[in-house]
Amino acid sequence: MSVIESDRVPDAADEPKAPKAARRGVRIRGNYVPYVLIAPAVVVLVGVLAYPLVDLFVLAFQNVNDYLHLSAPSLVKFIGFDGFTKVLSSAEFWQSTERTVLFTLEVVTASIVLALLFGLLLQRVSNWAKVTVVTALMFVWAIPQIVTGTVFRWLFANTGGVVDYLLYQVTGNKGWRTHDWFADSNQGLYVVVALAVLWGALPFLVIGINAAMTQVPKELVEASKLDGANGWQTFRNVVLPVIKPFLVLCTALSFIWDFQVFGQIWALRQNAPEEGYRVLGIYLYQQGLGSSHYSTSAVISILMILLMLAVLIFYIRQVIKIGEQD
Amino acid sequence: MALSIKGARVRPDGLRRSREDDAVGRRRWATPIWNAVAVAFAVVMFFPIYWMIITPIKTGKDLLSVDPTFWPTGFSTASFKTVFTDPNFLPDMRNVAIITVGAVVMGLAVGFLGAVAVARFRFTGRNFFIAAMLVVQMVPLLSLVIPMFFILKNIGLYDQGFGVILAYLVFTIPYVVWTLRSFIVNIPRELDEAALVDGCTRWGAFMRVILPLTVPGLITTGVFCWIQAWNEFVIANILLSSNDQQTAMVWLTGFSSTPTHGADYGSQMAGALMVSLPVIILFVIFQRRVASGLTAGAVKG
């Protein structure tokens with residue numbers, strides 16, 4: 001949600017190069033002005049972001065692992081990489097990481113494929129149908145993650161749940177009628193949680209990808225048809241290159257959303273996710289605030305940031321390049 | 001866009017599209033099929049929301065039946081009564097409203113200044129600032145909550161709405177700077193200059209030219225910040241501990257996991273509907289602007 005408008009290509013009107021000198025006349029006085037303008041943002045972000053980040057690193061090298069150490073600062077000491085060794089050698093951490101990676105792979109792939117398909121679909125439908133779809137999607141988009149989790153728990157409930165009922169109606173198999181989706185955490189996580197996350201992500205992705213597709217020049221599509229390209233070839237060679245930057249943004253965003261999934265699981269499992277639902281986000285929360293292992297939780301946080309960085313590094317490089325061109 | 005469509009209309013006869021195909025060579029007879037698929041998609045996507053609206057007005061008999069009814073056989077307000085008589089519901093709705101307004105107003109004020117700086121000035125560190133605004137948005141909030149918890153505890157803002165407002169600036173400010181920047185860049189510089197030539201001070205030019213022209217951008221950005229702050233759960237859940245300080249999202253998770261309401265899906269859906277209503281209403285009011293705000297970002301990507 002938060003990086004919605006991030007991947008803008010610099011507009012042509014943005015900072016015209018040639019008449020720059022002439023324009024400088026108005027702006028040359030008061031070089032301090034831009035610094036005054038960004039000062040509040042910088043101060044606030046240092047306070048609420050940079051400082052906590054530093055604190056996170058300090059905490060990761062300390063032994064604040066119970067409430068006693070929190071209340072008695074004299075007991076706190078630095079333990080070097082012991083915290084990291086402990087986390088990296090625990091099976092729980094690796095299981096959570098594995099779950100997170102699998103879940104992310106599954107949901108990101110499904111999100112992008114479905115968003116592309118429905119984006120293409122919206123180009124082929126009549127206007128009224130498109131308005132219907134976009135309106136429905138806008139409502140879905142407004143729904144908070146916690147509400148999504150609560151509603152999906154009800155949809156997939158084993159008594160009175162509508163999904164069980166529909167599956168029972170379709171298959172005629174009585175077993176579906178009271179099927180418990182959450183008993184097996186694999187089903188719960190990779191089916192129910194995945195669907196809940198996907199449902200929440202599709203509005204942005206479908207509307208955005210469709211909007212990007214409308215930017216594909218119609219002449220190019222027509223020309224490719226005249227040259228005898230089939231539908232797939234046209235998509236691959238004409239549409240895809242145009243929407244690629246936005247597609248990269250969508251993939252990066254989906255990765256960010258899905259890798260730190262928390263709210264939906266929390267609401268689906270009624271504040272107490274079982275072990276099988278322990279993705280990294282849940283794990284670090286339970287360690288940190290559930291059992292007061294603050295330092296361990298800080299270590300998990302740092303490892304999580306590093307894992308995300310490792311994947312996002314290519315995307316960040318691109319983003320920084322955009323910032324420089326601008 | 002408009003140009004290319006016009007271009008297609010005045011094409012020489014030899015290239016005119018055949019009757020069965022539209023401009024892009026798609027078969028017209030297929031359109032009803034695609035329309036049907038699209039409607040099915042819309043129905044599936046909207047169904048959870050329909051279910052959230054329909055469940056709380058069902059009677060107890062409908063709610064308890066093993067086979068769900070897709071249309072209520074009776075009408076009942078009992079579920080809504082349960083929600084409104086919960087002692088924490090209204091205070092928590094008020095809390096989230098205050099926190100959201102605070103985070104949006106502060107985010108817009110601080111972010112707007114930053115956006116003016118990057119859109120209208122060239123200065124050392126500008127590129128770094130822009131890149132930082134983007135990278136910052138990728139830091140997982142979840143990883144920051146533990147140190148935030150410590151810091152707020154130390155400065156005495158733990159379990160207070162104001163602490164959460166400050167924490168929410170982590171995501172509102174970078175977003176506002178980045179989004180408003182593109183709005184301001186699109187205001188022709190000549191307008192500021194004309195104002196300066198006509199005798200406005202810098203401040204006057206800002207107040208009379210840039211600010212009024214950025215209002216649509218401020219509204220769009222404000223709506224997005226509102227949604228993020230209102231819907232946020234992780235930070236609020238950790239930084240607010242007492243029942244009368246919590247936000248509506250925290251209330252909902254607590255309410256749905258109590259033994260009394262844990263299986264009472266009628267009241268849970270009533271609660272879910274009530275806490276999402278302010279955001280839904282906001283979306284309905286600003287629908288056009290929000291949609292164009294989103295697509296504007298998407299299209300240029």
Side-chain angles (χ1 to χ4, degrees), chain A residues 2-9 14 26 34 37-38 40-41 44 48-49 52 55-56 121 124-126 129 132-133 136 138-140 142-144 146-147 150-151 154 160 162 165 208 211-212 215 218 221 225 245-246 249 260 262-263 267 270-271 281 288 297-298 301 304-305 319-320 323-324, chain B residues 4 23-25 34-35 38 42 45-46 48-49 52 66-68 110 113-114 116-117 121 123 127 130-131 134-135 137-138 140 142-144 146-148 166 169-171 173 175 179 182 185 193 196 228 231 233-234 249 252-253 256-257 265 268 272 276 279-280 283 295 297-301:
Chain A
S2 59
V3 211
I4 278 167
E5 308 229 352
S6 55
D7 212 18
R8 271 166 192 270
V9 167
D14 194 351
V26 197
L37 291 175
I38 64 167
V44 172
V48 295
L49 183 81
D55 212 42
L56 182 73
L121 175 72
R124 280 164 168 69
V125 298
S126 313
T132 312
V133 172
M138 293 294 279
F139 277 105
V140 176
I143 301 300
I146 293 298
V147 171
T150 314
V151 173
W154 170 221
V162 69
Y165 177 73
Q215 293 306 100
K218 286 216 163 59
V221 178
K225 298 273 179 201
F246 185 68
L249 167 76
Q260 45 175 327
F262 184 90
Q270 293 180 298
N271 288 4
S297 173
S301 299
M304 186 175 167
I305 294 180
V319 159
I320 289 175
E324 278 165 0
Chain B
S4 67
V24 208
W34 295 127
N35 285 349
M45 288 300 278
F46 193 76
I49 299 179
M52 174 172 77
V66 180
D67 296 337
V110 174
L113 297 179
V116 171
F121 296 91
F123 54 93
N127 294 344
I130 294 180
L134 279 175
V135 175
Q137 295 182 56
M138 293 174 205
L142 206 56
S143 62
L144 288 176
I146 301 277
M148 274 180 178
L166 287 180
L169 295 179
V170 167
F171 55 81
I173 291 179
Y175 175 74
T179 317
S182 51
V185 157
E193 282 160 18
L196 291 174
Q228 284 185 57
N231 294 357
F233 168 72
V234 181
M249 292 304 141
L252 180 63
T253 58
S256 0
S257 53
Y265 284 105
Q268 285 186 35
S276 23
V279 182
I280 295 179
F283 253 66
T295 48
V299 160
K300 294 198 177 164

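No hydrogens, no waters, no symmetry mates; every other heavy atom, side chains included, goes into these values. Order of the sequence lines fixes the chain letters, A, B, ..., with proteins taken first and strands second; residue numbering starts at 1 for each chain.
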Choice from [options] maximising heavy atom contacts with chain A below 4.5 Å:
{"options": "B:P48, B:A38, B:A272", "result": "B:P48"}
{"options": "B:V116, B:L142, B:V279", "result": "B:L142"}
{"options": "B:P68, B:S276, B:S256, B:S257", "result": "B:P68"}

Check: If you round to the nearest 0.5 Å, how far is CD1 of A:I38 from CZ of B:F121?
Finding: 11.5 Å
Notebook entry, point to check: Rounded to the nearest 0.5 Å, what separation is found between the CZ atom of A:F262 and the CD1 atom of A:I146?
Noted result: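 Output value for this atom pair is 8.0 Å.
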Next item on the list: Report the option among A:V147, A:L49, A:T150, A:I305 that has the most heavy-atom pairs separated by less than 4.5 Å from atoms of chain B.
Entry: A:V147
Per-residue contact mode, [X] against chain B (heavy atom under 4.5 angstrom):
{"X": "A:A298", "answer": "neither"}
{"X": "A:S126", "answer": "both"}
{"X": "A:V44", "answer": "side chain"}

Notebook entry, point to check: Is the backbone N or O of A:A129 less than 3.5 Å from a side-chain atom of B:N35, with the two atoms forming a donor-acceptor pair by type?
Noted result: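 Such a contact is absent between B:N35 side chain and A:A129 backbone.
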Notebook entry, point to check: Can you say whether B:L166 sits under 4.5 Å from chain A via the side chain, the backbone, both, or neither, judging by heavy atoms?
Noted result: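 For B:L166, the contact with chain A is made by backbone and side chain together.
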Check: Which atoms of B:L252 come close to chain A, meaning under 4.5 Å heavy atom to heavy atom: side chain ones, backbone ones, both, or neither?
Finding: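 Contact with chain A is through the side chain of B:L252 alone.
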Next item on the list: Just jot down the side-chain hydrogen bond (donor to acceptor under 3.5 Å, both in side chains) partners of A:D55, sequence neighbours excluded, or say none.
Entry: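 Checked A:D55 against side-chain hydrogen bond (donor to acceptor under 3.5 Å, both in side chains); zero matches.
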Checklist line | Partner residues of B:D67 under the side-chain hydrogen bond (donor to acceptor under 3.5 Å, both in side chains) criterion, sequence neighbours left out | finding: A:R177
